[in-house]
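Beneath this line is the structure, given in structure tokens, with notes to follow.
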Amino acid sequence: MKAVVQRRYGSAVLGELDVPVPGQGEVLLEVRAAGVDMGVWHLLTGKPYLLRFLGFGFRGPKSPVPGRDVAGVVTALGTGVTEFAVGDEVFGTCEGSFAECAVAPVSRLARKPEGVSFTEAAAVPISGGTALQGLRGVQPGQRVLVTGAGGGVGSYGVQIAKALGAHVTGVCSTRKVELVRSLGADEVFDYTVADFTGTYDLILDCGGGRSLSRLRKAATERGRIVLVGAETGGSITGGFHKALGSVALNPFSSKKFVPLMSTERADVFDELRVLIEAGSVKPAVERTFSLSEALDAIEHVYSRRSRGKVVVTI
Ligand SMILES: NC(=O)c1ccc[n+]([C@@H]2O[C@H](COP(=O)([O-])OP(=O)(O)OC[C@H]3O[C@@H](n4cnc5c(N)ncnc54)[C@H](OP(=O)(O)O)[C@@H]3O)[C@@H](O)[C@H]2O)c1
């Protein structure tokens, strides 16, 4: 099969690999589309270095193929699989979705939502799942602020917060304002013109550019500040620096920082499927790339030019 092959951190090429064999609790997928997110860039480069201590491979990547988000068709079952049958259309995450075939654990797969393409479905799992987990507990009528609202996680954050009945404010740069409005945000701040104002019951911080004190000032007295990620912390700890610092501040205030470490699980993807089938969430796919252009797709996301989601189609 054709695949993007990555033997060491920092370089990858299009090559040929054997089709993988599904093991216990796994299925083989014919990959139709693979979503791209900031995490793919981190696993391609091995940065921040802290990642290497978290089980993704110390000297080189554990998976020889990059890409985690996946949508495709089940073509073979490993032992013990009863959840899916050959021919089922699914979406979720796996190790190595930038390939014609990939093996995925059923614990990280759900049935593809009705009425969306494989391309749209592949744009959902990590970004949508992260937004969903970050917004847990939001009540109707609460005020939610989403920074980085025009990015992958943020584009789902705006839509899911609206679906939960919140009043949603998005923050983004000029070229993403129209997208964020179209996703249903009640208010949009273009931070290149003026930074956001007001106080919020929950802040979903996907943009990462603001200090902890700035975020805390914008939270209501018992507000929560969910730290999703940041690309500002340097090559050793990266976005983790902010999360680590925030924990030390929590005992001194009723406003709480919540560093988020999202999990990739079938039940989360199933929740997203329900929201998509109900019409409450629509994947905002800006652009697709072919498998041979996968590295350009990653660079496009890393450069912050992407609006919403980017997908590699196979
Ligand atoms: N905690 C978790 O479990 C988890 C899960 C997924 C992702 N993440 C992390 O969450 C962050 C957002 O992920 P994403 O997939 O939504 O990324 P994305 O698609 O690149 O969106 C991030 C948005 O943040 C804004 N931004 C502001 N300052 C930035 C900077 N210095 N570098 C990059 N973007 C900046 C950009 O919008 P403007 O151009 O409008 O400023 C961009 O659209 C990333 O750091 C990612 O690694 C964490």
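Atoms within a ligand are numbered from 1 in the order they appear, just like the ligands themselves. One is the number of the first residue; the rest follow in order along the sequence.
Contacts between Tyr191 and ligand 1 below 4.0 angstrom, taking non-hydrogen atoms only, involve the side chain exclusively. Looking at His42 against ligand 1, only its side chain comes within 4.0 Å, counting heavy atoms.
Among protein heavy atoms, the minimum distance from atom 6 (C) of ligand 1 is reached at Thr130 OG1, 3.6 Å. At the top of the distance list for atom 35 (C) of ligand 1, counting protein heavy atoms only, stands Arg304 NE, 3.3 Å. Atom 45 (O) of ligand 1 has as its closest protein heavy atom Glu231 OE2, 2.4 Å. Among all non-hydrogen protein atoms, the one lying nearest atom 8 (N) of ligand 1 is Val228 O, 3.8 Å. Regarding atom 17 (O) of ligand 1, its nearest protein heavy-atom neighbour is Met38 CG, 3.3 Å. Nearest protein heavy-atom neighbour of atom 23 (C) of ligand 1: Gly148 CA, 3.8 Å. The protein atom (non-hydrogen) at minimum distance from atom 40 (O) of ligand 1 is Ser173 N, 2.7 Å. For atom 16 (O) of ligand 1, the closest heavy atom belonging to the protein is Val153 N, 2.8 Å.
Taking the centre and axis of the six-membered ring of Phe196, the NZ or CZ atom of Arg214 falls inside the cone set by 45° and 6.0 Å.
Using a cut-off of 4.0 Å between Lys/Arg side-chain N and Asp/Glu carboxylate O, Lys309 and Glu120 are scored as not salt-bridged.
Summarising the contacts of atom 24 (O) of ligand 1 with Gly207, Gly208, Gly308, the nearest heavy atom is found in Gly207.
When atom types are taken as modelled, the side chain of His167 and the backbone of Gln142 share no donor-acceptor pair closer than 3.5 angstrom. Judged purely by atom type and a 3.5 angstrom limit, Lys112 uses its side chain to pair as donor or acceptor with the backbone of Val116. Counting only distance, with no hydrogens or angles, the side chain of Lys47 and the backbone of Tyr9 share no donor-acceptor pair below 3.5 Å. Remark: the backbone N or O of Val268 is not paired with any side-chain donor or acceptor of Gln133 at under 3.5 angstrom. Checked by atom type and distance alone, the side chain of Ser253 never pairs as donor or acceptor with a backbone atom of Asn250 at under 3.5 Å. The backbone N or O of Ala33 lies less than 3.5 Å from no partner atom in the side chain of Thr313, so there is not a single donor-acceptor pair.
Taking every non-hydrogen atom of Leu260 and a distance limit under 4.0 Å, the qualifying atoms of ligand 1 come out as 1 (N), 2 (C), 3 (O). Of all atoms in ligand 1, listed by their number and element, those nearer than 4.0 Å to a heavy atom of Cys172 are 40 (O). Ligand-side atoms of ligand 1 in range of Ser262: 2 (C), 3 (O), 5 (C), range being under 4.0 angstrom from any heavy atom.
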task: Test side chain to side chain contact (heavy atoms under 4.5 Å, CB included) on Asp37 and Val301 and set out the steps.
output: CA-CA 7 Å; Asp37 73 312; Val301 171; 5.7 Å; no
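For ligand 1, the polar-atom distance check against Met261 finds no nitrogen or oxygen pair separated by under 3.5 Å. In terms of polar-atom proximity, Ser306 is not counted as a contact of ligand 1, lacking any N or O under 3.5 Å from an N or O of the ligand. In terms of polar-atom proximity, Gly152 is counted as a contact of ligand 1, with an N or O under 3.5 Å from an N or O of the ligand. By the 3.5 Å distance cut-off applied to N or O atoms, Ser127 is not counted among the residues near ligand 1.
For the atom pair OG (Ser306) and CZ (Arg175), the distance works out to 8.5 Å, reported to the nearest 0.5 Å.
Atom CZ of Arg305 has more than 12 neighbouring heavy atoms from other residues, nucleotides or ligands inside a 6.0 Å radius.
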